[in-house]
Amino acid sequence: MREDIELIKRGTSDLISVKELEERIAKGKKLRVKLGVDPTAPDLHLGHTVIINKLKTFQNLGHQIIFLIGDFTARIGDPSGRSEVRPVMTREQIEKNAKTYTDQVFKILDREKTIVEYNSKWLETLGVDGLLKLAAKSTVAQMLVRDDFEKRYKSDKPISIVEFLYPLLQAYDSVALKADVELGGSDQKFNLLLGRQIQKDYGLEPQIVLTVPLLEGLDGIRKMSKSYGNYIALNDNPNDMFGKIMSISDELMFKYYELLTQADLKKIKEMHPKEAKAALAFEITQRYCGEDEAVKAKEEFEKVFAKKDIPDDINQLEVTGDFKVSDILIKASFVSSGNSARRLIKQGGVKINSKKIDADTESKNIGSDFILQAGKRNFVKIKVKS
RNA sequence: GGGGGUGUGGCAGAGCGGUCUAAUGCACCAGACUGUAAAUCUGGCGGGCUUGCCCUUCGGUGGUUCAAAUCCAUCCGCCCCCA
């Protein structure tokens with residue numbers, strides 16, 4: 001049992017409270033462990049895996065894990081932060097996203113032993129009176145304690161009522177599920193704690209709150225998130241996955257090791273940073289894409305970046321008639337406009353058959369088959385058809 | 001309902017009649033350097049091409065003016081105070 005607790009504690013940022021957890025485990029209770037996600041974006045990324053792995057730990061220890069899909073909450077559309085209106089998601093979109101979510105999540109979790117729930121099941125029938133009853137259990141002052149709300153309030157930024165309702169609905173999920181434990185990122189701490197309070201109000205034993213640190217995105221500054229574009233998706237192709245990990249800073253690499261692997265950090269720090277990073281990239285890529293793909297991705301990376309060679313697999317593009325290099329750059333979606341294409345050429349970022357070009361060459365001055373490179377990582381094979 | 005304020009590029013934030021494609025910072029892109037990076041340095045960061053010029057941008061619309069991001073009117077969004 002002590003080992004169980006240690007396993008659960010590893011890599012957490014908050015565990016409230018350890019004592020309660022010990023007591024419940026000591027009673028031999030099979031804990032109901034909840035993790036909720038709103039299926040607003042279809043892809044899971046490495047940031048999500050930190051918490052999913054923690055869920056997996058509970059599963060391995062024989063507890064009942066519940067993967068909650070916030071289909072109802074997604075439908076309302078959390079306006080948090082931004083003033084722009086988020087498009088309301090249709091049922092179809094939500095279902096589609098939910099499906100990709102579960103597909104990806106069961107790369108990690110054991111499907112057979114997981115309960116999947118949808119919060120529309122109880123929120124849809126809650127009704128206005130139910131909502132009011134729920135809302136009566138918290139106060140505005142209490143909401144404003146939450147860090148991001150407070151900041152926005154103080155700097156005269158809008159906070160919608162829906163945003164106040166969100167934590168309450170999430171808390172109600174815990175009531176409906178009779179959760180013993182709820183997991184979340186450290187930014188979820190407030191919401192999870194509110195769950196405790198609301199559960200008590202509804203006569204339940206308060207859930208244990210477990211948060212894990214947020215995984216920083218590729219920029220090393222903001223949390224990994226699709227909307228910041230700094231993420232590594234679980235279904236990124238192997239080359240991207242490998243490449244993205246290689247592009248992070250050394251400092252960030254250690255955090256990734258800490259949060260994403262079981263590796264012994266001491267040993268990692270003794271390695272050459274580049275080797276360590278390659279090992280990390282390999283491990284992660286292997287985990288989600290398989291060993292063969294990971295080996296290939298590693299080879300490809302060495303080839304393209306270390307030896308500055310041309311990769312094996314390049315997309316092919318057929319062009320007809322007269323063209324300029326700038327036209328192809330647009331066509332291949334490497335740039336968005338002629339101006340930016342010309343800019344890129346001027347700055348020496350465009351190569352044809354590995355030779356830098358310094359002008360927007362026309363088709364007649366190039367052969368009929370060639371490889372075009374834009375920047376460091378964009379390659380395309382061009383076939384000219386007459 | 002009354003009063004006050006505010007809206008500028010992906011974000012933050014200057015500009016407050018001409019010298020505005022709009023300072024500065026962040027983000028982003030390219031080049032150099034390197035360990036693939038990071039840091040640093042250099043250049044860039046609305047669109048078109050015949051590269052020097054043209055066109056389009058400062059919440060929307062209409063107006064004043066030779067000239068408007070800048071002034072006026074109106075509408076919309078947001079914030080604050082009072083009720």
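All values below come from the heavy atoms of this structure, side chains included, with hydrogens, waters and symmetry mates left out. Reminder, nothing fancy here: chain letters follow the sequence lines and each chain counts from 1. Remember, it's a predicted structure, so these values are computed and weren't measured experimentally.
Figure legend. B:G1 is base-paired to B:C82; pairs are counted as Watson-Crick or G-U wobble with both atom distances under 3.5 Å. The pairing partner recorded for B:C71 is B:G63, the criterion being a Watson-Crick or G-U wobble arrangement whose two distances lie under 3.5 angstrom. Pair check for B:U6 finds B:G77; Watson-Crick or G-U wobble, both atom distances under 3.5 Å. In this structure, B:U56 makes no Watson-Crick or G-U wobble pair, since no nucleotide meets both defining distances under 3.5 angstrom. Base pairing of B:G25: its partner is B:C11, meeting the Watson-Crick or G-U wobble criterion (both donor-acceptor distances under 3.5 Å). Checking B:U40 for Watson-Crick or G-U wobble geometry (two distances, each under 3.5 Å) identifies B:A32 as its partner.
Smallest separation of non-hydrogen atoms from A:I345 and A:S326: CD1-N, 4.5 Å.
Straight-line distance between the P atoms of B:U6 and B:C71: roughly 10 Å, to the nearest whole Å. Of the P atoms belonging to B:C49 and B:C26, the separation is 32 Å, rounded to the nearest Å. Atom P of B:G31 sits at a distance of 10 Å from the matching atom of B:A37, rounded to the whole Å. When the P atom is used for both B:U57 and B:U74, the distance is 24 Å, rounded to whole Å. Only the C1' atoms considered, B:G9 is 14 Å distant from B:G15, to the nearest whole Å. Using P as the reference atom, B:C76 and B:G25 are 39 Å apart when rounded to the nearest Å. Nucleotides B:C58 and B:U50, compared at atom P, are 29 Å apart to the nearest Å. Taking atom C1' on both B:G4 and B:C55, the two are 40 Å apart, rounded to the nearest angstrom.
By the 30° and 60° cut-offs, the orientation of the rings of A:Y231 relative to A:H45 is tilted. The aromatic rings of A:Y172 and A:Y202 stand perpendicular to each other, their planes meeting at an angle above 60°, with 30° marking the opposite boundary.
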Scan nucleotides 20-22 of chain B against the protein and return all N/O pairs shorter than 3.5 Å with their distances rounded to 0.1 Å.
none

Using a cut-off of under 3.5 Å, enumerate the N/O to N/O pairs linking the protein to nucleotides 50-52 of chain B.
from  : atom 1 : to     : atom 2 : distance (Å)
B:U50 : OP2    : A:K324 : NZ     : 3.2
B:U51 : O4     : A:R342 : NE     : 3.2

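Both A:Y288 and A:L215 are part of a single hydrophobic cluster, where members link through side-chain heavy atoms under 4.5 Å apart.
Across all strands shown, A:K356 has heavy atoms under 4.0 Å from sugar-phosphate atoms exclusively, and none from any base. Backbone-only engagement by A:Y153 is indicated by non-hydrogen atom pairs under 4.0 Å involving sugar-phosphate atoms exclusively.
Under a cut-off of 6.0 angstrom, the local environment of CZ in A:R10 is sparse, with at most 12 non-hydrogen atoms contributed by other residues, nucleotides or ligands. Counting non-hydrogen atoms of neighbouring residues, nucleotides and ligands closer than 6.0 angstrom, the CD atom of A:E124 exceeds 12 such neighbours. Enclosure of atom NZ in A:K137 by more than 12 non-hydrogen atoms of other residues, nucleotides or ligands within 6.0 angstrom is indicated.
The distance from atom CD1 of A:I221 to atom C1' of B:A39 is 13 Å, rounded to the nearest whole Å. At whole-Å resolution of the value, CZ in A:R343 and P in B:C29 are 14 Å apart. Regarding A:K244, its NZ atom lies at a distance of 14 Å from the P atom of B:C28, rounded to whole Å. If you measure from atom CD1 of A:I330 to atom C1' of B:C29, you get 16 Å, rounded to the nearest angstrom. A straight line from CZ of A:F301 to P of B:U36 spans 8 Å, rounded to a whole angstrom. As a whole-Å value, the separation of A:I232 CD1 from B:U36 C1' is 14 Å. Atoms CD1 (A:I357) and C1' (B:A30) sit 14 Å apart, rounded to a whole Å. The NZ atom of A:K255 sits 16 Å away from the P atom of B:A38 (whole-angstrom rounding).
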* Tell me, with the steps shown, if A:D180 and A:K29 meet side chain to side chain contact (heavy atoms under 4.5 Å, CB included). => CA-CA 10 Å; A:D180 289 299; A:K29 189 166 193 271; 2.8 Å; yes

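Here the options are A:L165, A:D129, A:L168, the test is side-chain contact (heavy atoms from CB on, under 4.5 Å), and the partner is A:L134; only A:L168 passes.
Contact check, A:S249 against B:A37: no side-chain N or O comes under 4.0 Å of OP1 or OP2.
With hydrogens and angles ignored, the 3.5 Å screen pairs a side-chain donor or acceptor of A:N353 with a backbone N or O of A:I371.
For A:D219 and A:M246, each mapped to the nucleotide of RNA chain B holding its nearest heavy atom, the one lying further toward the 5' end belongs to A:D219.
A salt bridge is absent between A:R222 and A:E216; no separation between the charged side-chain nitrogens and carboxylate oxygens falls under 4.0 Å.
A donor N or O paired with an acceptor N or O is not found under 3.5 Å between the base of B:G31 and the side-chain atoms of A:Q347.
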